[in-house]
Trainee: 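This is the structure I want to talk about, given as structure tokens.
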Amino acid sequence: MSQGLQSKDSRATESEIGGNPVSFRVRQVTSVSEVCLMLEWAAAEEWHPGVYDAESSYRQDPTGFYLAEVDGVPIGGASLVKYEEHFAFLGYLITKPSFRGKGYARRIIEAILEAPGMSNRNIGLDGMTHLQDAYSRILGAQFAWKNSRFRGVGTDSFKGVKQNDNPAALVSAKEVDFEHLCVFDTSVFGTPRPTFLKNWISQPGMVALAAVTTPEAGEDDECSKQTRTTGYGCVRLCVESYNDVNFSRKIGPIFAESAAVGSQLFKALVSSVPSGIPFYIDIPQPNENAMEIARETGLELVFETARMFTKGSGPGGVKCSMIYGLTTLELG
């Protein structure tokens with residue numbers, strides 16, 4: 001069993017819990033099922049988590065998920081998932097409704113920041129815009145850009161997306177050389193994440209497409225026989241609401257080297273959504289081409305988040321101009 005992290009103040013004050021002293025601790029989760037508990041809370045808040053996100057996320061960093069307990073009962077949690085040696089991402093920060101307004105979210109963050117190997121990492125996060133000041137105070141995080149979450153509904157004829165502009169061939173992402181896919185993903189995300197990517201595109205029900213092109217060259221040129229990855233995108237099953245037995249869809253990521261490829265991938269992924277089924281996509285506002293696709297297709301703005309980093313910029317220089325849909329607000 002994992003050793004639980006203790007917060008700096010492991011005992012709550014009487015004023016915090018209705019006059020009764022309680023025991024509080026933050027510990028690492030011990031199984032995927034405990035990550036699923038956090039996703040159940042997220043579903044109840046209508047964050048629309050992916051149905052199979054728990055396992056994909058946990059495999060990236062089994063030591064990066066935490067539960068907060070009061071008197072041994074889970075009341076909240078968070079993740080601080082590590083990528084390589086210099087970057088980590090804060091997500092899934094949540095407390096149960098009856099425990100809010102008591103400072104537990106702050107104490108969860110303070111506790112997990114004490115985990116080994118965190119002191120020199122650049123930490124990224126996506127937080128609600130009205131909480132930017134709080135994240136600045138607690139983490140020293142700095143604002144980088146805003147993201148917009150959009151909602152659409154599957155239809156047989158989606159407006160606004162050109163039907164004849166196909167600059168690349170679309171194939172299953174599993175048909176592309178995985179090392180090449182990882183290189184392209186790293187060039188956009190800013191840090192390698194092969195373990196995460198392998199599990200992400202392999203989720204049950206996932207539609208994962210890669211855009212490939214064949215360079216023009218002479219018949220004797222070996223390069224003419226090679227294909228090049230110019231983008232990829234995914235759409236997965238997600239929870240529409242806590243009590244809804246029907247799955248909606250969430251698109252992410254869409255990484256593309258051009259607006260034409262980004263639009264092509266968007267169209268293909270949206271086309272895979274059954275008619276009448278809601279879908280969601282998170283788009284970085286600095287990518288005006290991506291925002292234009294959302295506007296032209298009539299997507300509904302749901303909310304905005306602030307992408308922040310403790311060291312001011314993303315890992316290796318995140319390329320917003322190539323992000324037409326974020327992977328996930330919880331893991332970057």
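What you are looking at is a predicted structure, and each value in this text was computed from that prediction instead of being measured. Side chains included, hydrogens not; waters and symmetry mates left out as well; all remaining heavy atoms used.
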Trainee: Does a side-chain heavy-atom distance below 4.5 Å link Arg249 with Arg236?
Mentor: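 Not in contact.
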Trainee: When rounded to the nearest 0.5 angstrom, what is the spacing between CD in Glu330 and CE in Met38?
Mentor: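 If we round to the nearest 0.5 Å, Glu330:CD and Met38:CE are 9.5 Å apart.
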Trainee: May I have the step-by-step check of side-chain hydrogen bond (donor to acceptor under 3.5 Å, both in side chains) for Gln285 and Ser148, ending in yes or no?
Mentor: CA-CA 7 Å; Gln285 291 184 8; Ser148 294; 2.9 Å; yes
Trainee: Could you tell me which non-hydrogen atom of Gly50 sits nearest to which non-hydrogen atom of Leu39, and how far apart they are?
Mentor: O-CD2, 3.7 Å
Trainee: The criterion is ring-ring contact (aromatic ring centres under 6.0 Å, His included); which residues satisfy it with Phe255, sequence neighbours excluded?
Mentor: Tyr232
Trainee: Roughly how far, to the nearest 0.5 Å, is the CE atom of Met206 from the OG atom of Ser202?
Mentor: 8.5 Å
Trainee: Strictly distance-based, threshold 3.5 Å: is any side-chain N or O of Thr229 a donor or acceptor partner for the main-chain N or O of Val212?
Mentor: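 Judged by distance alone, no pair lies under 3.5 Å.
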Trainee: Please determine, by modelled atom types, if Asp53 and Gln203 share a side-chain donor-acceptor pair under 3.5 angstrom.
Mentor: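 Side-chain D/A pair, Asp53 to Gln203: present.
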Trainee: Please determine whether side-chain contact (heavy atoms from CB on, under 4.5 Å) holds for the pair His86 and Arg121, giving the CA-CA distance in whole Å, both sets of side-chain angles, and the decisive distance to 0.1 Å.
Mentor: CA-CA 5 Å; His86 306 293; Arg121 287 182 185 268; 5.7 Å; no
Trainee: Would you say Leu131 ends up clustered with Met308 if hydrophobic residues are merged whenever their side chains have heavy atoms under 4.5 Å apart, either directly or through other cluster members?
Mentor: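 They do share one cluster, since a chain of ILVMFWY contacts under 4.5 Å joins Met308 to Leu131.
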Trainee: Listed by chain and number, what are the salt bridge (Lys or Arg N to Asp or Glu O under 4.0 Å) partners of Lys96, not counting sequence neighbours?
Mentor: none
Trainee: Taking the side chain as everything from C-beta on, heavy atoms only, tell me whether Val188 gets closer than 4.5 Å to Val318.
Mentor: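 Counting from C-beta outward, Val188 and Val318 never come under 4.5 Å.
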Trainee: I need the minimum non-hydrogen distance between Ala268 and Leu170, along with the two atoms involved.
Mentor: CB-CD1, 3.5 Å
Trainee: Taking all non-hydrogen atoms of both residues into account, name the closest pair between Thr305 and Thr129 and its distance.
Mentor: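 Distance-wise, the nearest heavy atoms are C-CG2, 3.8 Å.
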Trainee: Look up atom CD1 in Ile75 and atom CZ in Phe99, then write down how far apart they are to the nearest 0.5 Å.
Mentor: 6.0 Å
Trainee: Return the CD1 to CG distance between Ile123 and Leu139, rounded to the nearest 0.5 Å.
Mentor: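 These two atoms lie 6.0 Å from each other.
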Trainee: Please evaluate residues Tyr324 and Val261 with respect to the criterion side-chain contact (heavy atoms from CB on, under 4.5 Å), reporting the C-alpha separation (whole Å), side-chain torsions for both, the decisive distance (0.1 Å), and the verdict.
Mentor: CA-CA 10 Å; Tyr324 289 78; Val261 173; over 6 Å; no
Trainee: Taking salt bridge (Lys or Arg N to Asp or Glu O under 4.0 Å) as the definition, give me every residue that meets it alongside Glu257, ordered by chain and number, with sequence neighbours left out.
Mentor: Arg228
Trainee: Below 4.5 Å, heavy atoms only, C-beta onward: do Phe65 and Ser31 meet side chain to side chain?
Mentor: no
Trainee: Are the side chains of Pro167 and Gln264 in contact, using a 4.5 Å heavy-atom criterion?
Mentor: yes
Trainee: Side-chain donor-acceptor pair under 3.5 Å between Tyr58 and Glu34, yes or no?
Mentor: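 Result is no, nothing qualifies.
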Trainee: Do Cys234 and Val207 have side-chain heavy atoms sitting under 4.5 Å apart?
Mentor: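 No; the side chains remain at least 4.5 Å from each other.
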Trainee: Write down the atom of Asn287, the atom of Ser321, and the distance for their closest heavy-atom approach.
Mentor: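 Result for this residue pair: ND2-O, 3.3 Å.
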Trainee: Any sub-3.5 Å donor-acceptor pair from Asp71's side-chain atoms to Ser23's backbone N or O?
Mentor: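 Yes, the answer is positive, given that a donor and an acceptor are paired below the 3.5 Å cut-off.
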Trainee: Do the rings of Phe279 and Phe266 sit parallel, tilted or perpendicular, given the 30° and 60° boundaries?
Mentor: perpendicular
Trainee: What distance do Thr310 atom OG1 and Asn120 atom CG have between them, rounded to the nearest 0.5 Å?
Mentor: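 Reported value, rounded in 0.5 Å steps: 10.0 Å.
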Trainee: A side-chain contact here means heavy atoms from C-beta on lying under 4.5 Å apart; do Ile112 and Leu90 qualify?
Mentor: yes
Trainee: Are Ile293 and Met291 connected into the same hydrophobic cluster when the rule is that any two of I, L, V, M, F, W, Y join if their side-chain heavy atoms are below 4.5 Å apart?
Mentor: yes
Trainee: Heavy atoms only: give me the nearest Ala210-Val176 pair and the separation to one decimal.
Mentor: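 Looking at all heavy atoms of both residues, the closest pair is CB-CG2, 3.4 Å.
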Trainee: Closest approach of Ala168 and Thr230, non-hydrogen atoms and distance?
Mentor: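 Looks like CB-OG1, 4.0 Å.
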Trainee: Is it the case that over 12 heavy atoms from other parts of the model lie below 6.0 angstrom from the NZ atom of Lys198?
Mentor: no
Trainee: Where the side chain of Thr186 meets the backbone of Cys182, is there a donor-acceptor pair that is under 3.5 Å apart?
Mentor: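 Answer holds: yes.
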Trainee: If two hydrophobic side chains count as joined below 4.5 Å and joins carry through other members, does Phe143 share a cluster with Phe303?
Mentor: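 No, Phe143 does not connect to Phe303 through the hydrophobic network.
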Trainee: Within the distance-only criterion (no hydrogens, no angle test), does the side chain of Arg151 pair as donor or acceptor with the backbone N or O of Leu301 below 3.5 angstrom?
Mentor: no
Trainee: Is there any ring-ring contact (aromatic ring centres under 6.0 Å, His included) pair reaching into residues 179-205, and which pairs are they, with sequence neighbours excluded?
Mentor: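 ring-ring contact (aromatic ring centres under 6.0 Å, His included) check on residues 179-205 returns Tyr83-Phe189, Phe196-Trp200.
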Trainee: Has Arg107 got its NZ or CZ under 6.0 Å from the middle of the six-membered ring of Phe24, at an angle within 45 degrees of the ring axis?
Mentor: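 Pair Arg107/Phe24 counts as cation-pi.
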Trainee: Quick one: salt bridge (Lys or Arg N to Asp or Glu O under 4.0 Å) partners of Arg193, sequence neighbours excluded?
Mentor: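 Arg193 satisfies salt bridge (Lys or Arg N to Asp or Glu O under 4.0 Å) with Asp185 once adjacent residues are dropped.
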Trainee: Salt bridge or not for Glu304 and Arg149, using N-O below 4.0 Å?
Mentor: no
Trainee: For Val235 and Tyr280: C-alpha separation, side-chain torsions, deciding distance, then whether side-chain contact (heavy atoms from CB on, under 4.5 Å) applies.
Mentor: CA-CA 9 Å; Val235 59; Tyr280 301 87; over 6 Å; no
Trainee: Using salt bridge (Lys or Arg N to Asp or Glu O under 4.0 Å) as the criterion, list what pairs up with Glu300, not counting sequence neighbours.
Mentor: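 Checked Glu300 against salt bridge (Lys or Arg N to Asp or Glu O under 4.0 Å); zero matches.
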Trainee: Has Thr95 got a side-chain atom pairing as donor or acceptor with Ala105's backbone, closer than 3.5 angstrom?
Mentor: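 Answer holds: no.
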Trainee: State plainly whether one hydrophobic cluster holds both Val183 and Leu209, where clusters connect Ile, Leu, Val, Met, Phe, Trp and Tyr through side-chain heavy atoms under 4.5 angstrom apart.
Mentor: no
Trainee: Got Trp145 and Cys320 here, is their nearest side-chain heavy-atom distance under 4.5 Å?
Mentor: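 They are in side-chain contact.
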Trainee: List the steps, then state whether side-chain contact (heavy atoms from CB on, under 4.5 Å) holds for Leu326 with Ile283.
Mentor: CA-CA 6 Å; Leu326 296 170; Ile283 297 176; over 6 Å; no
Trainee: Hey, quick one: are Tyr66 and Val73 part of the same hydrophobic cluster, counting side-chain heavy atoms closer than 4.5 Å, chains of contacts allowed?
Mentor: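 No, Tyr66 does not connect to Val73 through the hydrophobic network.
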Trainee: I'd like to know if the side chain of Asp61 reaches the main chain of Ser57, judged simply by a donor and an acceptor atom lying under 3.5 Å from each other, with no hydrogens or angles considered.
Mentor: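 Absent.
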Trainee: Is a side-chain donor or acceptor of His48 paired with a backbone partner of Glu240 at a separation under 3.5 angstrom?
Mentor: yes
Trainee: Would you say the side chain of Arg100 lies within less than 4.5 Å of the side chain of Ile94, judging by non-hydrogen atoms?
Mentor: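 They are in contact (side-chain heavy atoms under 4.5 Å apart), so the answer is yes.
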Trainee: Is it true that the side chains of Lys82 and Thr63 contain a donor and an acceptor less than 3.5 Å apart?
Mentor: yes
Trainee: What distance separates Lys250 NZ from Trp47 CH2, expressed to the nearest 0.5 Å?
Mentor: 10.5 Å
